[in-house]
Undergrad: 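Please find one structure pasted underneath; my questions will follow.
Just so you know, these numbers use all the heavy atoms, side chains as well, and skip hydrogens, waters and symmetry mates.
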Amino acid sequence: MNYKAQRGTYDILPKDEVIWNKVQKSCFETAKLYGYQFIETPLFEDSKLFERTVGESTDIVEKEMYSFTDKGGDSISLRPENTAGVCRAFIENGLHNNTLPARLFYYGPMFRYERPQSGRYRQFHQFGVECIGDSTFETDYEVIDIAWKILKNLDIKGIKLNINSLGDKEDREIYIGKLKDYFKNYINDLPKVDKLRFERSPLRLLDSKEEITIKISEDAPKTLDYISSESKEHHENLIQKLEKLNSMDSSFNYEVNHKLVRGLDYYNRTVFEYTSNSLGPQGVILGGGRYDPLIKILGGPETPAVGFAMGIERVVNELNKNEVENNSHIDAVLIIVDEDLRMISQEIANDFRENKIKTIIAPKKSIKAQMRFANNINSKSAIFIGKNEIENNKISVKFLQSSREQIEIDRNNIEEIKAVLNN
RNA sequence: GUGGGCGUGGUGAAGUGGUUAUCACGACCGGCUGUGACCCGGUAGAUCGAGGGUUCAAUCCCCUCCGCCCACCCCA
């Protein structure tokens, strides 16, 4: 075996189709119910797009981007996420001239150069929703609600929403100052990783996995105590709605999590994550938040926005635990009893397919082997095409998945054949 | 980038310093030359991850490398 899928990539095999379809369908249908429309942007963009939006000093940009110089000498990157791409498209196509907000959703592969582990790949899939052009907490609620409906629809258990507010940019700077002041007192107690975090991204101290740091974090200043009154009001209104949702639907659980900060630079105010308690360290199956400044940064008019991205692999993983069964994908296998009937079998296969009967002509082998073939691929039926049948313009239908008796049907009576195969 | 675990037919597993390297499932053929599944019989398929070393001998012991998995970092 000379060639293997690249590290962090994998193949989605036929047996996985059912479950992947199920997830995608749930995403698309739910988003459409809320008036969202599909948008598809290129898999690669100007590297600068991501540097400006995701944040130059974030890990994603610093070490995880698949960047290369194309033959024209431009620096190109495979998209590590798709909010930036959607915003670029929004501006470039003048969608801000339409009635706002624009309600958009996307689905497709993303690329991040990381060490793979469970629930993490170098090429992975995200479904995401972006509501662009409305600053009210109502839209924050809307996207959170969409996410919830999808997860619920897929019947994923043990899901919780974590939510926090980072305030606006100015609030955040003040807050980071406070946070550093606080942790400075404990700097010598911090483990190595966290000393590093203290320097590079103090917010991350809050979701450290180190026990000591977790302990210290308990009394750390909270973002909510430092955000502007507008941000605070926004947040509280949103919480009220979540409370309402919780009272209507007790399976919806949420927690205001002061330690939730999230890693992309563009978030402001609301940030949230849905986590699963059974997914281990990669428990985040979906994350999002508000990113009001982003469109402007990219050269568009000042346009507030909110959205989320869902990790399809993580959802599929969750679903795989309750295993979906694969049922028959083929209706009929034509068994060719005499080789000289091959031509006529071809015609019959054509007729079948034109009538939406999924048909395979058995390989050139003994009758027995052809039957085994039909059985092995899980066909609903075996159709015998032999001299006896053709002389009378008939075919024999044998049912492979029930004890129903074999019958002869007029070869041209496709309707009956179809009916007989469908029950 | 750092740490841990693991690499044996297609898949999942045994195994030993000297064996024709074992077993199950799967695949293929046959058991009625016009009938699957169950059953029975048979066939094919592994340079035991790669390279080097120790040894009379290495799949097994040692080293190096590669790959996969898991965790950290970070994120969906």
Undergrad: From the list B:A76, B:G34, B:C70, which nucleotide is the closest neighbour of the side chain of A:R262?
TA: B:A76

Undergrad: Base, sugar-phosphate alone, or nothing: which one does A:A374 contact when heavy atoms must sit under 4.0 Å apart?
TA: nothing

Undergrad: Strictly below 4.0 Å, N to O, side chains only: are A:R103 and A:E142 in salt-bridge contact?
TA: yes

Undergrad: Reckon A:L400 touches a base, only the sugar-phosphate, or nothing at all at heavy-atom distances under 4.0 Å?
TA: base

Undergrad: Which residue, A:N162, A:N253, A:I159, A:I156, forms the side-chain contact (heavy atoms from CB on, under 4.5 Å) with A:Y274?
TA: A:I159

Undergrad: Between protein and nucleotides 26-28 of chain B, what N or O pairs are separated by less than 3.5 Å?
TA:
unit_1: B:A27; atom_1: OP1; unit_2: A:N376; atom_2: ND2; d: 3.3
unit_1: B:C28; atom_1: OP2; unit_2: A:N376; atom_2: ND2; d: 3.3

Undergrad: To the nearest Å, how far apart are A:Y266 OH and B:A76 P?
TA: 7 Å

Undergrad: Tell me which nucleotide among B:A76, B:G30, B:G67 gets nearest to the side chain of A:R7.
TA: B:G67

Undergrad: For the side chain of A:Q117, starting at C-beta, report the closest nucleotide among B:A71, B:G36, B:A76.
TA: B:A71

Undergrad: Whole angstroms only, please: what is the CD1-P distance between A:I335 and B:U33?
TA: 17 Å

Undergrad: At under 4.0 Å between heavy atoms, what does A:G119 touch on the DNA or RNA strands: base, sugar-phosphate, or nothing?
TA: base

Undergrad: Is the base of B:A76 stacked against the aromatic ring of A:F124, taking ring centres under 5.5 Å apart and planes under 30° as the test?
TA: yes

Undergrad: Applying a 4.0 Å non-hydrogen cut-off, can you work out what A:E114 is touching in the nucleic acid: base, sugar-phosphate, or nothing?
TA: base

Undergrad: For the ring pair A:Y113 and A:Y66, is the centre-to-centre distance below 6.0 Å?
TA: yes

Undergrad: Are A:D207 and A:R204 within salt-bridge range, i.e. N to O under 4.0 Å?
TA: yes

Undergrad: Answer yes when A:R122 and A:E114 have at least one side-chain N-carboxylate O distance shorter than 4.0 Å, and no when they do not.
TA: no

Undergrad: Within residues 201-214 of chain A, find the residues that approach RNA chain B with a heavy atom at under 4.0 Å, and present them sorted by residue number.
TA: A:R204, A:K209

Undergrad: Less than 4.5 Å apart, any side-chain heavy atom of A:I367 and any of A:F384?
TA: yes

Undergrad: Compare the minimum distances between each of B:C32, B:A76, B:G34 and the side chain of A:K368, then state the nucleotide with the smallest one.
TA: B:C32

Undergrad: Going by modelled atom types, is there a donor-acceptor pair between the base of B:G34 and the side chain of A:N388 at under 3.5 Å?
TA: yes

Undergrad: In sequence, state the C-alpha distance, the side-chain angles, and the governing distance for A:T30 and A:N153, and then conclude on side chain to side chain donor-acceptor pair (under 3.5 Å).
TA: CA-CA 9 Å; A:T30 307; A:N153 184 268; 5.3 Å; no

Undergrad: Give one of base, sugar-phosphate or nothing for A:S366, where a contact means two heavy atoms less than 4.0 Å apart.
TA: sugar-phosphate

Undergrad: Under a 3.5 Å cut-off on both pairing distances, which runs of 3 or more consecutive Watson-Crick or G-U pairs involve RNA chain B?
TA: B:1-7 with B:66-72, B:10-13 with B:22-25, B:27-31 with B:39-43, B:49-53 with B:61-65

Undergrad: Extract from the structure each pairing of a protein N or O with an N or O of nucleotides 2-7 of chain B at less than 3.5 Å, listing the distance.
TA:
unit_1: B:U2; atom_1: O4; unit_2: A:R115; atom_2: NH2; d: 3.4

Undergrad: I need the full list of salt bridge (Lys or Arg N to Asp or Glu O under 4.0 Å) pairs touching residues 392-420 of chain A, with sequence neighbours left out, sorted by first then second residue.
TA: A:E347-A:R411

Undergrad: Let's go through A:S231 and A:R269 carefully: what are the C-alpha distance in whole Å and the side-chain angles of both, what is the deciding distance for side chain to side chain donor-acceptor pair (under 3.5 Å) to 0.1 Å, and is it a yes or a no?
TA: CA-CA 6 Å; A:S231 284; A:R269 296 202 173 178; 3.1 Å; yes

Undergrad: Quick one: do A:D331 and A:K380 make a salt bridge, cutoff under 4.0 Å?
TA: yes

Undergrad: Heavy-atom nearest nucleotide on RNA chain B for A:H125 versus A:S396: which residue maps closer to 5'?
TA: A:S396

Undergrad: For A:K365, give me all partners under salt bridge (charged side-chain N to carboxylate O under 4.0 Å, His left out), at least two apart in sequence or on another chain.
TA: none

Undergrad: So A:Q406, base contact, sugar-phosphate only, or nothing? Heavy-atom distance under 4.0 Å.
TA: base

Undergrad: When you get a sec, tell me which of B:A71, B:G34, B:G36 is the closest nucleotide to the side chain of A:S118?
TA: B:A71

Undergrad: Check every strand shown and say whether A:N375 touches a base, only sugar-phosphate, or nothing at a heavy-atom separation below 4.0 Å.
TA: base

Undergrad: ring-ring contact (aromatic ring centres under 6.0 Å, His included), that's the test. Do A:Y10 and A:Y121 meet it? Break it down for me.
TA: CA-CA 9 Å; A:Y10 62 98; A:Y121 304 90; 5.0 Å; yes

Undergrad: State whether A:D171 and A:K169 are salt-bridged, where the test is any N-O pair (Lys NZ or Arg NE/NH1/NH2 against Asp/Glu carboxylate O) under 4.0 Å.
TA: no

